[in-house]
**Student:** 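Provided herewith is a single structure, encoded as structure tokens, for subsequent inquiry.
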Amino acid sequence: MSGRKQHYIPQLFLRGFLICQQSGQTHVYRRDKMFISKTDSVAAQRDFYSKPANDANKTLDDKLTDYEGRLGELLRILREKNVGTDVEASIAAEVIAHLTPRSKSLRSIFGHGTQKLISGLADVISDKTLMISLLGLDEPTTNKKWSEHIASSFNRNPEIAKSLGGVSEEIGIPKDSIERMLFMSAKESFLGDANPFYFQLQPLFTQLLTGIEDAISYGHKKVLNNGVVVEARKQSLESLLWRIFPAPQEGAIMPDCIAIGFDEEEGVYLPYIMASSISTVIMPLTSEKLLVGVRASNINVDLSGFNDDASECSDELFIAASSAHEYLRKNIGGRWKNRMDNLVHDTLDTLCEHKAYDNLNVPESISCPSFSYQITFNDGLSDDIENINEIVQGVVAKLSQWLDLSRLDGITYASNFEKALEDIERGFDGNETPESEADYLAQGGAALLVKRNGIIKVRIVFHQDYAHALAGEDLQNREVAIHLLVSSLFIVHTINHFEYVLPEFLLEPVMMNNHPAVMHCAMRKALRAYYYAFASAEFGAEGLLEQEFSHYVIRALDSNFFKIVSAKEEHKIDNNHSKLFRTVHAAVADILIAMARLIGHLQGIIKSPLLNSDTDVGAAIAARELAGWVDVFAHDLERFWKQPSWTREDLYALNVHVERLLWPHGIFLFSSDNEQGTMILSV
């Protein structure tokens with residue numbers, strides 16, 4: 001009789017691996033422990049298939065329970081076969097085609113593919129309209145197209161021209177500042193409504209992505225409802241030749257993936273449900289017998305390593321009749337760990353080639369000669385230094401195939417992160433350049449510009465926890481550590497590109513009478529934050545970093561807008577223009593960096609930067625009426641990195657975003673008429 005505790009591996013199958021038939025117990029091996037349990041508590045989850053029905057209709061769990069009568073008979077036939085005898089293909093195929101698709105592993109497979117599909121569809125239908133380009137709204141600030149088609153109409157209309165002139169005189173700011181405000185207002189409006197079809201579908205995409213777990217569960221149940229034996233799998237398995245083989249001398253284990261298959265393309269055994277191009281399928285029938293199917297006429301197969309392969313193919317656990325498999329416990333998930341390593345390398349191969357250069361204009365051929373750099377462990381890392389060092393060098397070596405990392409000065413892991421930053425010898429006077437502050441990747445991770453023998457380089461500094469994570473067993477922490485290491489290396493590459501396009505621009509002194517350069521000081525790190533977040537977005541821990549970067553934006557908006565309001569109130573009393581400028585300039589810089597990083601990450605994982613107001617970060621943006629500006633900022637950042645070449649003017653054109661964040665507070669920044677520098681007006 002079915003109930004709410006539902007077995008995704010039937011107990012009648014589990015009973016083939018009992019310690020003894022009378023006990024009803026088996027050894028359960030998890031990565032963190034081994035224990036003895038009755039089979040009624042193994043591989044079970046509450047309402048995994050369905051809740052009990054209140055009417056006469058049968059639930060999916062009822063159907064599975066009913067089928068287990070036939071399954072039990074088929075298993076009896078198989079288990080009674082002597083070692084060395086052939087097995088009827090239809091029986092072997094039906095058992096495996098039932099047991100493997102009903103397991104939990106199928107849901108994770110569905111989840112990965114579905115999420116990629118939904119994100120891809122969202123990207124496909126997002127496009128900008130021709131009207132934006134015709135009006136010049138695709139450029140960062142006022143331009144020739146805008147002047148010809150829109151701004152000129154202001155001057156031709158006497159009433160509008162008079163009104164604009166009156167506002168300029170009354171407030172005391174130049175007319176071109178007012179024109180930039182009008183330009184941004186139009187741009188935010190047009191970009192926000194550029195593709196109504198896309199924005200009508202955006203809530204649907206958001207709903208689908210947030211509801212994927214429920215959708216996967218529903219899809220899995222639907223597959224099984226259509227047939228508790230998956231017919232396509234059964235037909236494929238019936239083409240194999242089947243025979244009973246003896247288990248390894250120490251007894252066979254039973255992995256939670258039920259059966260494993262040798263994937264000819266991968267060259268290894270994988271969970272059967274995941275493998276393709278299969279030449280061999282193995283399922284343990286009992287601790288003494290293995291059911292083996294092969295495609296070749298020669299059915300002899302080496303099974304000496306079955307327990308090792310099966311334990312590594314296990315997702316959460318394996319069971320066994322013996323306690324002699326303790327040494328295999330550490331293998332659980334090992335095949336997946338190796339596949340994760342392969343995935344990281346594959347991602348480096350594909351994303352660097354197709355992603356990094358799609359959005360970054362680089363020289364036609366990158367010359368990256370051999371280069372030297374330091375890896376420093378300040379303290380507290382007596383264990384695993386060799387392993388960590390090898391991992392870091394491996395990532396650097398892989399990325400250096402596509403990125404110019406010759407400006408990498410070194411990588412430091414330290415227990416005192418802030419002190420390590422302070423102790424780095426910069427090689428230049430930080431008081432003369434806006435690059436005295438580090439590029440902060442995340443909490444406990446930063447990149448600093450340094451100068452070595454007259455060459456600008458990058459020193460990367462991480463808290464030692466990230467080093468431990470690289471060699472640790474926690475997959476999520478490991479992904480975060482790899483992701484941030486990759487991000488920092490993209491900064492190295494980006495700095496190299498800046499130096500290639502605009503030599504010595506980054507460290508040149510900024511004179512206070514140079515208004516565009518002064519304004520750009522609040523923008524320059526945001527440009528880098530967007531790129532490194534975009535380029536490294538799919539290098540692991542995507543969802544977690546999206547959450548963290550969203551929190552950074554919320555905190556940046558809250559704290560810095562408070563600083564702006566407070567500074568304006570203080571300015572009413574002390575009338576200190578320099579103090580007001582320094583405070584609001586720094587506050588805007590923090591907001592721009594946080595927002596650029598989140599936008600880059602979202603675009604990098606093929607998600608829209610048009611943040612849903614139902615999210616915490618979307619609500620924070622909407623509450624400050626900045627949703628339209630986020631659209632524009634995302635557009636301008638992406639456009640900048642796609643330009644075939646850069647000039648200082650291209651950089652300075654983005655300064656309008658510095659002004660835009662201050663306009664709602666009645667604060668205006670503009671160049672003085674006598675070229676004495678930046679004027680600040682608080683109204």
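Since we're looking at a predicted model, the values are computed, not measured. Numbers for residues simply follow the sequence, beginning at 1.
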**Student:** Checking H601 side chain against L545 main chain: does a donor-acceptor pair fall under 3.5 Å?
**Tutor:** no
**Student:** Could you measure the distance from the CG atom of L527 to the CG atom of L651? Nearest 0.5 Å is fine.
**Tutor:** 6.5 Å
**Student:** Check whether more than 12 heavy atoms from other residues, nucleotides or ligands sit under 6.0 Å from atom CD of Q476, and answer yes or no.
**Tutor:** no
**Student:** Can you check whether I564 reaches F562 side chain to side chain, under 4.5 Å on heavy atoms?
**Tutor:** no
**Student:** Would you call R524 and L506 a side-chain contact if the rule is heavy atoms closer than 4.5 Å?
**Tutor:**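 Side chain of R524 against side chain of L506, heavy atoms only: contact under 4.5 Å found.
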**Student:** Does any N or O in the side chain of R459 come within less than 3.5 Å of the main-chain N or O of L449, such that one atom is a donor and the other an acceptor?
**Tutor:** no
**Student:** Indicate yes or no: at least one non-hydrogen side-chain atom of E542 is less than 4.5 angstrom from one of E538.
**Tutor:** yes
**Student:** For a quick test of reading the model, state the closest non-hydrogen atom pair linking L408 to Y373 and the distance between them.
**Tutor:**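 So the minimum-distance heavy-atom pair works out to O-CB, 3.5 Å.
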**Student:** Are the side chains of Y413 and I460 in contact, using a 4.5 Å heavy-atom criterion?
**Tutor:**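 No; the side chains remain at least 4.5 Å from each other.
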**Student:** Are N496 and S406 packed together at the side-chain level, in the sense that at least one heavy-atom pair is separated by less than 4.5 angstrom?
**Tutor:**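 Yes, at least one pair of side-chain atoms sits under 4.5 Å.
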**Student:** Compare every heavy atom of A634 with every heavy atom of I599, then report the nearest pair and how far apart it is.
**Tutor:**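 Heavy-atom minimum between the residues: CG2-CB, 3.6 Å.
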**Student:** Would you call E548-R555 a salt bridge at under 4.0 Å N-O?
**Tutor:**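 Salt bridge flag = no for R555 with E548.
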**Student:** Could you go through V617 and Y552, starting from their C-alpha distance and side-chain angles, then the distance that decides it, and tell me whether this counts as side chain to side chain contact (heavy atoms under 4.5 Å, CB included)?
**Tutor:** CA-CA 9 Å; V617 66; Y552 288 155; over 6 Å; no
**Student:** Parallel, tilted or perpendicular for Y652 and F505, by the 30°/60° rule?
**Tutor:** tilted
**Student:** Using salt bridge (Lys or Arg N to Asp or Glu O under 4.0 Å), reason through D558 and R624 one step at a time and then give a plain yes or no.
**Tutor:** CA-CA 10 Å; D558 290 342; R624 292 167 176 81; 2.5 Å; yes
**Student:** With a 6.0 Å cut-off on the ring centroids, do H657 and F633 count as close?
**Tutor:** yes
**Student:** Do you know which two heavy atoms are closest between L421 and A446, and how far apart they sit?
**Tutor:**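 Scanning both residues completely, I find the closest heavy atoms to be CD2-CB, 4.1 Å.
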**Student:** Between R426 and E435, does any NZ, NE, NH1 or NH2 come within less than 4.0 Å of an OD or OE carboxylate oxygen?
**Tutor:**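 Looking at E435 and R426, the cut-off is not met.
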**Student:** Quick check for you: to the nearest 0.5 Å, what is the distance between E508 atom CD and L502 atom CG?
**Tutor:** 8.5 Å
**Student:** Rounded to the nearest 0.5 Å, what separates atom CG in D404 from atom NE2 in H493?
**Tutor:**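 Separation between the atoms: 7.5 Å.
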**Student:** Side-chain atoms of residues 658-669: list all donor-acceptor pairs with protein atoms under 3.5 Å, sequence neighbours left out, distances to 0.1 Å.
**Tutor:**
unit_1, atom_1, unit_2, atom_2, d
E659, OE1, R180, NE, 3.4
E659, OE1, R180, NH2, 3.0
E659, OE2, R180, NE, 3.0
E659, OE2, R180, NH2, 3.4
R660, NE, E188, OE2, 2.6
R660, NH2, E188, OE1, 3.4
R660, NH2, E188, OE2, 3.4

**Student:** What are the two closest non-hydrogen atoms of V458 and A447, and how far apart are they?
**Tutor:**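 So the minimum-distance heavy-atom pair works out to CG1-CB, 3.8 Å.
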**Student:** Using a 3.5 Å distance criterion without hydrogens, assess whether the side chain of N514 forms a donor-acceptor pair with backbone atoms of V510.
**Tutor:**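 Such a contact is absent between N514 side chain and V510 backbone.
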**Student:** Which class fits the ring pair H577 and H571: parallel under 30°, tilted 30 to 60°, perpendicular over 60°?
**Tutor:** tilted
**Student:** Applying side chain to side chain contact (heavy atoms under 4.5 Å, CB included) to W629 and D631, what does each step give before you reach the verdict?
**Tutor:** CA-CA 5 Å; W629 168 72; D631 298 343; over 6 Å; no
**Student:** Answer yes or no: is there a donor N or O on one side and an acceptor on the other, between the side chain of S488 and the main chain of L485, under 3.5 Å?
**Tutor:**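 Side chain of S488 to backbone of L485: a pair is present.
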**Student:** Kindly assign one of parallel, tilted or perpendicular to the pair F462 and Y466, based on the angle between their ring planes and the thresholds 30° and 60°.
**Tutor:** perpendicular
**Student:** Using the side chain to side chain contact (heavy atoms under 4.5 Å, CB included) criterion, which residues pair with T647? Sequence neighbours excluded.
**Tutor:** E649, D650
**Student:** Taking it one step at a time, do M523 and L592 satisfy side chain to side chain contact (heavy atoms under 4.5 Å, CB included)?
**Tutor:** CA-CA 7 Å; M523 187 71 208; L592 291 172; 4.0 Å; yes
**Student:** Got L557 and L626 here, is their nearest side-chain heavy-atom distance under 4.5 Å?
**Tutor:** yes
**Student:** List the atom of G430, the atom of S436, and the distance in Å for their closest heavy-atom pair.
**Tutor:**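 Taking G430 first and S436 second, the nearest heavy atoms are O-CB, 3.3 Å.
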**Student:** Using modelled atom types only, decide if a donor and an acceptor are shared between the side chain of W646 and the backbone of F498 within a distance under 3.5 Å.
**Tutor:**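 It does not hold such a pair.
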**Student:** Please find out if less than 6.0 Å separates the ring center of F534 from that of W641.
**Tutor:** no
**Student:** Less than 3.5 Å apart, any donor N or O on the side chain of Q603 or Y530 sitting next to an acceptor on the other?
**Tutor:**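 Side-chain D/A pair, Q603 to Y530: present.
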**Student:** Angle between ring planes, F417 versus Y440, binned at 30° and 60°: parallel, tilted or perpendicular?
**Tutor:** perpendicular
**Student:** Go through the steps for D474 and R478 under the test salt bridge (Lys or Arg N to Asp or Glu O under 4.0 Å), then give the verdict.
**Tutor:** CA-CA 6 Å; D474 188 298; R478 186 165 178 259; over 6 Å; no
**Student:** Measuring from H585:NE2 to S578:OG, what's the distance to the nearest 0.5 Å?
**Tutor:**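 Rounded to the nearest 0.5 Å, the NE2-OG separation comes to 13.0 Å.
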**Student:** Given V396, which of L405, V492, L403, I391 fulfils the side-chain contact (heavy atoms from CB on, under 4.5 Å) condition?
**Tutor:**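 Among the candidates, only L405 passes.
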**Student:** What's the spacing between N560 CG and D590 CG if we round to 0.5 Å?
**Tutor:** 4.5 Å
**Student:** Ignoring hydrogens and angles, tell me if any N or O in the side chain of Q464 forms a donor-acceptor pair with the backbone of A414 under 3.5 Å.
**Tutor:** no
**Student:** For K525, is there an ion pair with E437 - N to carboxylate O distance below 4.0 angstrom?
**Tutor:** no
**Student:** Quick check: does any side chain N or O of H463 sit under 3.5 Å from a backbone N or O of S415, one acting as donor and the other as acceptor?
**Tutor:**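 Answer holds: yes.
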**Student:** I would like to know whether E422 and K419 meet salt bridge (Lys or Arg N to Asp or Glu O under 4.0 Å); could you show each step before the answer?
**Tutor:** CA-CA 5 Å; E422 295 175 2; K419 186 176 185 301; over 6 Å; no
**Student:** Can you measure from CD1 (I482) to CG (N477) and round to the nearest 0.5 angstrom?
**Tutor:** 11.5 Å
**Student:** Donor-acceptor check, side chain of N655 to backbone of P516, threshold 3.5 angstrom: yes or no?
**Tutor:** yes
**Student:** Is there side-chain contact between R407 and I455, with heavy atoms separated by less than 4.5 Å?
**Tutor:**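 Yes. Closest side-chain heavy atoms under 4.5 Å.
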**Student:** Which atoms form the tightest heavy-atom contact between V553 and A594, and what is the distance?
**Tutor:** CG2-O, 3.3 Å
**Student:** Begin from the C-alpha positions of T141 and L654 and carry the test side chain to side chain contact (heavy atoms under 4.5 Å, CB included) through to its verdict.
**Tutor:** CA-CA 7 Å; T141 190; L654 295 167; over 6 Å; no
**Student:** Would you indicate whether the side-chain heavy atoms of E139 and D636 approach each other to under 4.5 Å?
**Tutor:** no
